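Below, each value reflects all heavy atoms present in this structure, side chains not excepted, and no hydrogens, waters or symmetry copies. Everything quoted here is computed from the prediction, not taken from an experiment. Starting from 1, each residue takes its place in the sequence as its number. In listed order, ligands and their atoms are each counted from 1.
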Amino acid sequence: MTFQKNILITGGAGFIGSHLVRLMVNKYPDYRIINLDALTYAGNLENLKDVETKPNYAFERVDITKSDEVQAVFAKYDVDSVIHLAAESHVDRSITNPMAFVETNVIGTVVLLNAAKNHWKDFDGKLFYHVSTDEVYGTLGPTGLFKETTSYDPRSPYSASKASSDHFVRAYFHTYDMPVVLSNCSNNYGPYQFPEKLLPLFINNIKHNKALPVYGDGKYTRDWLWVEDHAAAIDVIFHKGISGETYNIGGNNEWTNIDLIYLLCDIMDDELGREKGTSKELITFVKDRPGHDKRYAIDASKLKNELGWGPSVKFPEGLIKTARWYLNNVDWMENVTSGAYQAYYKKQYDE
Ligand code: NAD
Ligand code: TYD
């Protein structure tokens with residue numbers, strides 16, 4: 001079968017990647033979607049059970065830092081487009097092991113750029129799309145929003161590595177005329193997020209009556225976006241984005257951590273049939289994250305005005321759906337919280 005496009009999605013077994021793979025496989029049967037993922041602790045093929053037998057889906061277990069293996073995938077599928085999400089994605093891990101972030105996020109991205117440049121004899125109909133984060137912009141005071149023109153000011157090893165990879169992608173646009181597009185998105189939430197990140201971690205802890213470790217005073221602000229809205233934005237930018245451009249993606253949904261946790265606790269009390277106030281008793285203020293960014297908030301008006309995308313799911317509906325998904329998917333939670341996760345977190349949070 002000949003496909004209209006052969007799209008390599010990296011990191012497709014992760015949180016956002018699995019939602020994007022599902023959307024693209026189902027919405028575009030004429031596109032072949034090749035999911036390239038190393039299956040680190042954060043990648044799980046169970047996230048994609050419903051698409052794995054589709055004729056337009058393929059999986060390759062490959063580490064993006066391995067140049068020969070990446071080039072072989074480009075050749076095997078005659079890849080014409082890349083949507084690059086594979087990354088080390090957790091800020092706390094970047095503080096304890098920055099080098100893993102340099103290797104995957106920086107070197108891995110350059111390996112992919114080189115593989116694309118070598119395989120693409122010309123750039124007609126080609127695109128390298130880099131999925132990035134708003135954390136590259138640093139931190140905001142109480143007012144203002146990140147715009148596409150905001151200067152980069154990364155402050156964690158994670159955001160520094162993502163900023164570096166963004167710069168490499170833009171360098172390939174300017175130096176080699178490679179068609180590229182970038183998007184920088186705020187915090188995502190929803191099903192299939194590895195439970196080291198705030199919301200799935202706290203949902204799981206509440207269920208098991210474990211402490212909720214709130215960093216510092218909890219007065220840190222994040223802009224939360226429903227993960228399927230992010231996948232929908234990537235679809236729009238992939239098809240309609242202008243080469244060389246960057247698009248900010250956000251939920252217009254700012255919450256301080258502590259207010260978000262209070263809301264989650266109320267929702268969890270309802271869902272678990274517990275007396276209101278029970279879950280809040282689990283809140284424990286712990287030592288702050290070093291270099292903790294105070295506030296992230298996105299101005300997504302360029303994406304709305306130029307390409308017509310806007311978020312569709314808001315709080316509390318999205319948060320209720322999220323809590324229910326983790327409560328209903330006990331097998332998934334048990335599977336991903338075994339092994340590597342346990343070893344890492346036992347040290348930090350077990351009394
Ligand atoms: P995730 O940690 O859930 O998934 C990352 C995936 O990449 C996993 O499947 C993992 O196996 C794979 N991977 C890691 N190292 C690899 C390597 N060396 N080779 C091949 N595959 C490898 O991450 P996520 O939250 O889904 O984030 C996806 C992308 O979106 C990342 O680039 C991240 O920076 C960006 N992003 C995330 C958020 C968020 O809120 N989660 C927000 C904005 C941008
Ligand atoms: P996180 O989900 O790690 O995303 P990011 O750091 O990329 O924004 O954290 C979201 C916020 O929640 C962030 O301000 C750190 C805070 N946080 C806690 O207070 N306790 C926790 O156990 C975790 C994981 C995060």
Tell me whether Glu271 is salt-bridged to Arg324, with the criterion being a basic N under 4.0 Å from an acidic carboxylate O. yes

May I ask you to say whether Lys126 pairs ionically with Asp122, meaning some side-chain N is under 4.0 Å from a carboxylate O? yes

Report yes if [X] has an N/O atom closer than 3.5 Å to an N/O atom of ligand 1; otherwise report no.
X: Thr104; value: yes
X: Phe15; value: yes
X: Ser132; value: no
X: Asp63; value: yes
X: Asn187; value: no
X: Lys162; value: yes

To which protein heavy atom is [atom] closest, and what is the distance rounded to 0.1 Å?
atom: atom 28 (C) of ligand 1; result: Leu85 O, 3.5 Å
atom: atom 22 (C) of ligand 1; result: Ala86 CB, 3.8 Å
atom: atom 42 (C) of ligand 1; result: Ser186 O, 3.3 Å
atom: atom 5 (C) of ligand 1; result: Ala87 O, 3.5 Å
atom: atom 43 (C) of ligand 1; result: Cys185 O, 3.3 Å
atom: atom 21 (N) of ligand 1; result: Ala38 N, 3.1 Å
atom: atom 41 (N) of ligand 1; result: Ile16 CD1, 3.7 Å
atom: atom 23 (O) of ligand 1; result: Ser89 OG, 3.3 Å

Numbering the atoms of ligand 2 from 1, which are under 4.0 Å from a heavy atom of [X]?
X: Glu135; answer: 5 (P), 7 (O), 8 (O)
X: His90; answer: 3 (O)
X: Pro213; answer: 18 (C), 19 (O), 20 (N), 21 (C), 22 (O)
X: Glu196; answer: 24 (C)
X: Val214; answer: 19 (O)
X: Val91; answer: 6 (O), 7 (O)
X: His292; answer: 13 (C), 14 (O), 15 (C)
X: Asn257; answer: 11 (C), 12 (O), 13 (C), 14 (O), 16 (C)

Exam field: side chain [X] to backbone [Y], donor-acceptor pair closer than 3.5 Å:
X: Glu245; Y: Leu182; value: no
X: Asn188; Y: Ser186; value: yes
X: Asp223; Y: Ile298; value: yes
X: Arg295; Y: Gly141; value: yes
X: Thr104; Y: Phe101; value: no
X: Thr322; Y: Gly318; value: yes

Hey, could you give me the [atom1]/[atom2] distance between [X] and [Y], rounded to the nearest 0.5 Å?
X: Ile206; Y: Leu272; atom1: CD1; atom2: CG; answer: 8.0 Å
X: Asn35; Y: Glu60; atom1: CG; atom2: CD; answer: 9.5 Å
X: Asp153; Y: Thr139; atom1: CG; atom2: OG1; answer: 8.5 Å
X: Asn252; Y: Lys304; atom1: CG; atom2: NZ; answer: 9.5 Å

Any idea which part of [X] is under 4.0 Å from ligand 1, heavy-atom wise: side chain, backbone, both or neither?
X: Tyr41; value: neither
X: Asn184; value: neither
X: His90; value: neither
X: Thr10; value: neither

Just checking, [X] and [Y]: is the charged tip under 6.0 Å from the six-membered ring centre and within 45° of the axis?
X: Arg93; Y: Tyr41; result: yes
X: Arg289; Y: Tyr215; result: no
X: Lys197; Y: Phe15; result: no

Are Trp309 and Asp229 close enough that some pair of their side-chain heavy atoms sits under 4.5 Å apart?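 The answer is yes; the side chains approach within 4.5 Å.
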
For Tyr31 and His239, I'd like to know if the aromatic rings sit close, meaning centre-to-centre distance below 6.0 Å.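 For Tyr31 and His239, the ring centres are under 6.0 Å apart.
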
Kindly identify the option in [options] whose heavy atom sits closest to [atom].
atom: atom 5 (P) of ligand 2; options: Leu260, Asn187, Thr133, Asp92; answer: Asn187
atom: atom 1 (P) of ligand 2; options: Arg295, Arg289, Arg222; answer: Arg289
atom: atom 19 (N) of ligand 1; options: Thr133, Asp37, Ile64; answer: Ile64

Consider only side-chain N and O atoms of Tyr129 and Ser183, and report whether a donor and an acceptor are under 3.5 Å apart. yes

Judging by distance only, is a nitrogen or oxygen of Tyr215 under 3.5 angstrom from one on ligand 2? yes

Could you tell me whether Tyr158 approaches ligand 2 through its side chain, its backbone, both or neither, with non-hydrogen atoms closer than 4.0 Å? neither

Residue part near ligand 2, for Leu201, under 4.0 Å between non-hydrogen atoms: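 Side chain only; the backbone of Leu201 stays clear of ligand 2.
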
